[in-house]
J.: 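One structure, pasted below without further comment.
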Amino acid sequence: MRIRTAAVATIAVAGALAALTAVPAQAAEYSSALKVRGVQYDAPGRDSNRCSTGNTDEEYLTVKNYSSSSTVNLRGYVVKDAAGNRFTFTANHYLQPGDYVKLRGGNGTDSDKYNVVYRDNCNFLWNNDKDTIYLYKPSGARADVHAYTRSGSDPDGNGYITFHK
């Protein structure tokens with residue numbers, strides 16, 4: 001009976017270790033009030049990065065302040081993709097607890113009232129098949145990271161993925 005108990009315990013420990021090692025690196029939690037709420041990685045319609053008639057403004061990243069008490073200034077935060085394309089929030093944009101901002105592609109007028117910041121760049125930032133989203137604090141420390149694939153992360157196929165509710 002000891003042999004069987006030891007074998008069951010060994011199998012249970014091996015299963016627990018396998019479960020722990022199966023957690024992808026992007027699932028790590030970082031100590032940051034700001035997190036990526038979700039991403040519209042595939043803009044509706046046919047992709048066109050023409051500044052005057054394109055749809056890069058329909059591609060966006062939602063960053064939310066999950067703190068229950070602290071206001072966070074986005075100035076100095078950096079958003080990057082897997083290829084190293086980046087956007088730095090250069091202006092003051094204060095997020096109250098529970099507030100969010102949509103970082104949109106294309107050109108437009110930033111607005112605290114409408115919770116939007118434009119990248120002032122007509123190129124798409126996120127890949128439609130797969131990518132990794134990095135959010136860095138002004139100090140350079142990682143605030144959040146998420147990898148996605150069209151087939152594995154977007155079951156309804158609408159081009160939007162929620163990471164944090």
J.: Any idea which heavy atoms bring E59 and F124 closest together, and the distance?
T.: OE1-CD2, 3.2 Å
J.: Please tell me whether D110 and H93 have a donor and an acceptor in their side chains that are separated by less than 3.5 angstrom.
T.: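 On atom types as modelled, these side chains do not qualify, holding no pair under 3.5 Å.
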J.: Would you say the side-chain atoms of D120 pair up with the backbone N or O of N107, donor to acceptor, closer than 3.5 Å?
T.: no
J.: Before you tell me yes or no, could you show the steps for H164 and Y66 under side chain to side chain contact (heavy atoms under 4.5 Å, CB included), namely the whole-Å CA-CA distance, both residues' side-chain angles and the distance that decides it to 0.1 Å?
T.: CA-CA 9 Å; H164 296 280; Y66 285 90; 3.1 Å; yes
J.: Quick check: closest heavy atoms across N115 and D112, and the distance to 0.1 Å?
T.: OD1-O, 2.9 Å
J.: Rounded to the nearest 0.5 Å, what separates atom CG in D81 from atom CD1 in I133?
T.: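 Here the interatomic distance stands at 9.0 Å.
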J.: Taking atom CG of L74 and atom OH of Y94, what is their separation to the nearest 0.5 Å?
T.: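 So the gap between those two atoms works out to 10.5 Å.
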J.: Between T62 and V101, does a side chain to side chain contact (heavy atoms under 4.5 Å, CB included) hold up when you go through it step by step?
T.: CA-CA 6 Å; T62 305; V101 67; over 6 Å; no
J.: Does the R75 side chain pair with the main chain of A91, one donor and one acceptor, at a distance under 3.5 Å?
T.: no
J.: Side-chain heavy atoms under 4.5 angstrom apart, residues restricted to Ile, Leu, Val, Met, Phe, Trp, Tyr: same cluster for V79 and V116?
T.: no
J.: Does this structure show an ion pair linking K64 with D99, if we count only N-O contacts that are shorter than 4.0 Å?
T.: no
J.: In sequence, state the C-alpha distance, the side-chain angles, and the governing distance for Y41 and D154, and then conclude on side chain to side chain contact (heavy atoms under 4.5 Å, CB included).
T.: CA-CA 10 Å; Y41 67 92; D154 187 10; 2.7 Å; yes
J.: Just by modelled atom types, is the N127 backbone N or O under 3.5 Å from a matching donor or acceptor in the D131 side chain?
T.: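 Looks like yes, one N/O pair under 3.5 Å.
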J.: Looking at R142 and Y134, what are the two nearest heavy atoms and their distance?
T.: NH2-CE2, 3.6 Å
J.: Is any side-chain heavy atom of V39 less than 4.5 Å from a side-chain heavy atom of H146?
T.: no
J.: Between W126 and D42, is any pair of side-chain heavy atoms under 4.5 Å apart?
T.: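 Contact flag for W126/D42 side chains = no.
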J.: Would you confirm whether Q40, through its side chain, and L61, through its main-chain N or O, come within 3.5 Å as a donor-acceptor pair?
T.: no
J.: Would you please test S32 and K137 for side chain to side chain contact (heavy atoms under 4.5 Å, CB included) and show each step?
T.: CA-CA 8 Å; S32 174; K137 297 177 183 181; 3.6 Å; yes
J.: If I take atom CD from residue E58 and atom CG from residue D47, how far apart are they, to the nearest 0.5 angstrom?
T.: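 Separation between the atoms: 11.0 Å.
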J.: What pair of heavy atoms forms the shortest contact from V63 to L135, and how long is it?
T.: CG1-CD2, 4.1 Å
J.: Looking at Y60, I'd like to know if the NZ or CZ of K102 sits under 6.0 Å from its six-membered ring centre while staying within 45 degrees of the ring's axis.
T.: yes
J.: For the CD atom of Q96 and the OG1 atom of T71, what is their distance to the nearest 0.5 Å?
T.: 3.5 Å
J.: Nearest 0.5 angstrom please: N55 CG to R46 CZ, how far?
T.: 10.0 Å
J.: Nearest heavy-atom pair of S67 and N65: which atoms, and what distance?
T.: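 Closest heavy-atom pair between S67 and N65: N-OD1, 2.9 Å.
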J.: So, Y136 versus Y77, ring centres under 6.0 angstrom or not?
T.: no
J.: Atom OG1 in T56, atom CG in N49: separation rounded to 0.5 Å?
T.: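 Answer rounded to 0.5 Å: 7.0 Å.
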J.: Under 3.5 Å, side chain of R119 to main-chain N/O of N123, donor-acceptor pair present?
T.: yes
J.: Any side-chain heavy atom of L34 within less than 4.5 Å of one from L95?
T.: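 Result yes, sub-4.5 Å side-chain heavy-atom pair found.
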J.: When hydrophobic residues are tied together by side-chain contacts of less than 4.5 Å, even through go-betweens, does V78 share a cluster with Y118?
T.: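 Not linked; separate clusters.
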J.: Out of curiosity, does F87 fall in the hydrophobic cluster containing Y100 (side-chain heavy atoms, cut-off under 4.5 Å, transitive links)?
T.: no
J.: Would you indicate whether the side-chain heavy atoms of L103 and F89 approach each other to under 4.5 Å?
T.: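 A side-chain contact exists here, since the closest heavy-atom pair is under 4.5 Å.
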J.: Looking at K35 and A143, what are the two nearest heavy atoms and their distance?
T.: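 Looking at all heavy atoms of both residues, the shortest contact is NZ-O, 4.0 Å.
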